[in-house]
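The figures that follow rest on heavy atoms only: side chains count, while hydrogens, waters and symmetry mates do not. Letters A, B, ... are given to chains in the order of the sequence lines, protein chains preceding strands, and every chain is numbered from 1.
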Amino acid sequence: MTLTVTDLSVARGGLPVLEGVSFNLRPGSALILRGPNGIGKTTLLRTLAGLQPPLAGRVEGAEEQVAYAAHSDGLKPTLTVAENLTFWASVFGQNGIDAALDAFDLQALRDRAAGALSAGQKRRLGLSRMLVTGRPVWIMDEPTVSLDTAAVAMFANAVRAHLGQGGSALIATHIDLGLEAEVLDAGLFKAKPPALDDFDGGFL
Amino acid sequence: MIALLFRDLKLALRAGGGFGLGLAFFLIVTVMVPFSVGPQSELLARIAPGVLWLGALLACLLSLDRLLALDWEDGSLDLLATAPLPLEGTVTIKALAHWITTGLPLVLAAPVLGVLLNLPVQGFLWLLVSLLLGTPALSVIGTFGAALTVGLKRGGLLLSLLVMPLYVPTLIFGAEVARRGAEGLAVQTPLLLLAGISAASIALLPFASAAVLRVNLR
């Protein structure tokens, strides 16, 4: 399923941040989203994930297809690694978490409480959640934060395997993952400052 | 959905989950009332249904601010909103889990605590029935309040203020059933109204909760 974005405008806190964003994300391909801090990458990704409505434009092929990984991993500190992952697998109607644990080298930690993991291990657990969703389009926001070099390689391998199975990925990141991917620079779509509305102009 | 219910129950029972908070508060309130009112068993018997209902309501209120806020803070609410579960289903399950961990223990503890307040014998059945019918409404209305205040830091105060007036009808009719039951009067009218409030809240409020949650997640 191709994710098609046409002339999309997104807003944060009522102010438009990006406008005229258009791209296609075909099965088997990845798209890297770059741009300076505050340009609206997260806002764009949240809109594509369906967490907020777009200001204008269309998103096609995202409904029930997207797995979203945000800045925070949504882990419960009192549940074990396996319990956290099993929960997300059953929410998405999948079963079997071993492949996901293997992909991010978490088997040895499976009975450890998630609250006792290091930051990098938590992130690996958060990323392994993508593997148990069974969704074809991965939308990821800064997935490599707090990962070491080995874990970044693990992540890149997981994305490559996902693309190989006909999935696709949209990743906002600043580091080079070594993937063959197009780059989308969010800076090119920066919204113009909105014209001041004249509502209280008479008082000024 | 079942997975979400079991996760919430498991979380409530593990360390720091807050299970027993409402129950302990209920226990403290009802144990303290006889001390503050003094040794007048007729007066205690008269106010027992109202005190038990008020205690249960406040105990319920105490645990509301954790209901959605914890999932909001660690990001699972965003992830749940992108999951295949409809948000209406998610908030219903959350309310159900809240009722099982808070409301149900209160219902079961109330007859025991009724003894401390010298509740007349014929009142026990109707106290139990009124709490069993009324506490689900408290959980569902509370979930709506929690959804309204989910993005706010320390939203507990605002949550209590918002939810209190919505709790009043349930309190009036619930306590009225328990009072009439204790005095041996007919309970049918307040009982039906209480059941109506619960049924309407359970049927309608999950849609409102999901709608405000969608707005708050933006």
CZ (A/R160) with more than 12 external heavy atoms under 6.0 Å: yes
Nearest atoms (heavy-atom pairs only) where A/S72 meets B/G75: OG-CA, 3.5 Å
Residue among A/A67, A/G74, A/G13, A/A11 with most heavy-atom pairs under 4.5 Å to chain B: A/G74
Within-4.5 Å side-chain heavy-atom neighbours: B/D71 and A/K76: yes
Structural part of A/R129 lying under 4.5 Å from a heavy atom of chain B: side chain
Minimum-distance pair of heavy atoms, taken over all atoms of B/L79 and A/Y68: CD2-O, 3.2 Å
Over 12 foreign heavy atoms within 6.0 Å of CZ, A/R112: no
Which atoms of A/N84 approach chain B - backbone, side chain, both or neither, heavy atom under 4.5 Å: neither
Pairwise distance NZ(B/K10) to OG1(A/T80) - rounded to 0.5 angstrom: 7.0 Å
Structural part of B/I2 lying under 4.5 Å from a heavy atom of chain A: neither
Interface moiety of A/V66 toward chain B, non-hydrogen atoms closer than 4.5 Å: backbone
Spacing of CZ belonging to A/F87 relative to CG belonging to B/D8, to within rounding of 0.5 Å: 7.5 Å
B/F124, CZ: over 12 other non-hydrogen atoms inside 6.0 angstrom: yes
Check: B/P84 and A/R135 side chains under 4.5 Å, non-hydrogen atoms: yes
Close side-chain approach of B/R14 to A/L79, heavy-atom, < 4.5 Å: yes
Pick from B/L4, B/L217, B/D74 with the largest number of heavy-atom pairs that fall under 4.5 Å of chain A: B/D74
Residues from residues 33-58 of chain A approaching chain B under 4.5 Å (heavy atoms): A/R46, A/A49, A/L51, A/Q52, A/P53
Crowding at CZ, B/F207 (>12 non-hydrogen neighbours, <6.0 Å): no
More than 12 heavy atoms of other groups within 6.0 Å of A/E182 CD: no
Close side-chain approach of A/W88 and B/S76, heavy atoms under 4.5 Å: yes
